[in-house]
Amino acid sequence: MVITRKVEFSASHICRNPLLSDQENQRLFGMAANPQGHGHNYVVEVSLAGDPDPVTGMVLDLKELKGILTREVVDPYDHRFLNYEVAPFDREIPTTENIARDIWRRLEPRLNSGRAKLHMVRVYETPDLYVDYFGEPQFGEEKCSA
């Protein structure tokens, strides 16, 4: 069974590689390379896979999941300029892909115990643009993003 919880945060960022020229950054990232930055109202969906507990009938208590998402995602990301205020984006370009990967890294140690395992992190940068991340494959395991 897969359960999903959604949270939202607002943040600004710049998609720009400091090793590239202004022209190259503009070509690669377009308006997102603006040195002044720009913002989004991000939506994050986190899915857990597991068997429901025979006593509670839940894969994970959704109040507990909400608390974890608030502490690990909303509190550090909300109303922040990602490039300057949220590691690892002081050294990594905060693309939607990298944001999804970072959220996975923050959540995996807190959600992969007991009955439930982190299954997917979906990050919407805009209503029509999102990234699904399923974690890095373990040795001998294949992960699928579709």
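It should be emphasised that the depicted structure is a prediction, and the values quoted were computed from it without experimental measurement. One is the number of the first residue; the rest follow in order along the sequence.
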**Message:** Using every non-hydrogen atom in the two residues, find where R115 and P52 come nearest and quote the distance to one decimal.
**Reply:** NH2-O, 3.3 Å
**Request:** Could you grab the distance from atom OH of Y124 to atom CG of L129, nearest 0.5 Å is fine?
**Result:** 10.0 Å
**Asked** When you check the gap from the basic side-chain N to the acidic O, do D132 and R122 get nearer than 4.0 Å?
**Response** yes
**Item:** Considering all heavy atoms, the nearest D102-P88 contact
**Value:** OD1-CD, 3.2 Å
For residues 57-70, run the donor-acceptor check on the side chains, cut-off 3.5 Å, and write out each pair with its distance to 0.1 Å, sequence neighbours left out.
residue	atom	partner	partner atom	Å
D61	OD1	K63	N	2.8
T70	OG1	K66	O	2.9

**Which atom of P76 lies closest to which atom of R80, heavy atoms considered** = O-CG, 3.3 Å
**Fill in**
Note: G37 and I14 closest approach over all heavy atoms is CA-CG1, 3.5 Å
**Pair R106-Y77, side chain to side chain contact (heavy atoms under 4.5 Å, CB included): steps then yes or no** = CA-CA 12 Å; R106 291 169 183 268; Y77 274 83; 3.6 Å; yes
**Request:** Mind checking ring pair (Phe, Tyr, Trp, His ring centres under 6.0 Å) for Y133 and listing every partner two or more places apart, or none if nothing turns up?
**Result:** W104
**Heavy-atom closest pair, residues I99 and P94** = CD1-O, 3.6 Å
**Message:** Checking L107 against V46 for the side chain to side chain contact (heavy atoms under 4.5 Å, CB included) test, could you report, in this order, the C-alpha distance in whole Å, the side-chain angles of both residues, the deciding distance, and whether it holds?
**Reply:** CA-CA 9 Å; L107 295 175; V46 174; 3.6 Å; yes
**Item:** For L19 against N17, the heavy-atom pair lying closest together
**Value:** N-OD1, 2.8 Å
**Donor-acceptor contact below 3.5 Å, side chain D78 vs main chain F9** = no
**Asked** If you round to the nearest 0.5 Å, how far is CE of M31 from SG of C15?
**Response** 12.0 Å
**Prompt:** Apart from L28 itself, what residues make up its hydrophobic cluster, given side-chain heavy atom links below 4.5 Å?
**Reply:** L20, F29, I93
**Item:** Ionic contact status for R5 with E45, cut-off 4.0 Å
**Value:** no
**Message:** For the CG atom of L82 and the CD atom of E92, what is their distance to the nearest 0.5 Å?
**Reply:** 11.5 Å
**Request:** Please say which of T4, I3, V121 ends up in a side chain to side chain contact (heavy atoms under 4.5 Å, CB included) with S47.
**Result:** T4
**Fill in**
So ring pair (Phe, Tyr, Trp, His ring centres under 6.0 Å) across residues 44-65, not counting sequence neighbours, yields none
**Prompt:** Could you go step by step and tell me if V43 and K6 meet the side chain to side chain contact (heavy atoms under 4.5 Å, CB included) rule?
**Reply:** CA-CA 7 Å; V43 176; K6 180 171 37 174; 3.3 Å; yes
**Any residue meeting ring pair (Phe, Tyr, Trp, His ring centres under 6.0 Å) with F89, in chain and number order, not counting sequence neighbours** = none
**Asked** Side-chain heavy atoms under 4.5 angstrom apart, residues restricted to Ile, Leu, Val, Met, Phe, Trp, Tyr: same cluster for V74 and Y42?
**Response** yes
**Fill in**
Separation between CD (E136) and CD (E108), nearest 0.5 Å, reads 9.5 Å
**Message:** According to ring pair (Phe, Tyr, Trp, His ring centres under 6.0 Å), who are the partners of H38, at least two apart in sequence or on a separate chain?
**Reply:** H13, H40
**Cluster link V123 to V86, ILVMFWY, side chain under 4.5 Å** = yes
**Item:** Whether F134 and H119 hold their rings parallel, tilted or perpendicular, with breakpoints at 30° and 60°
**Value:** perpendicular
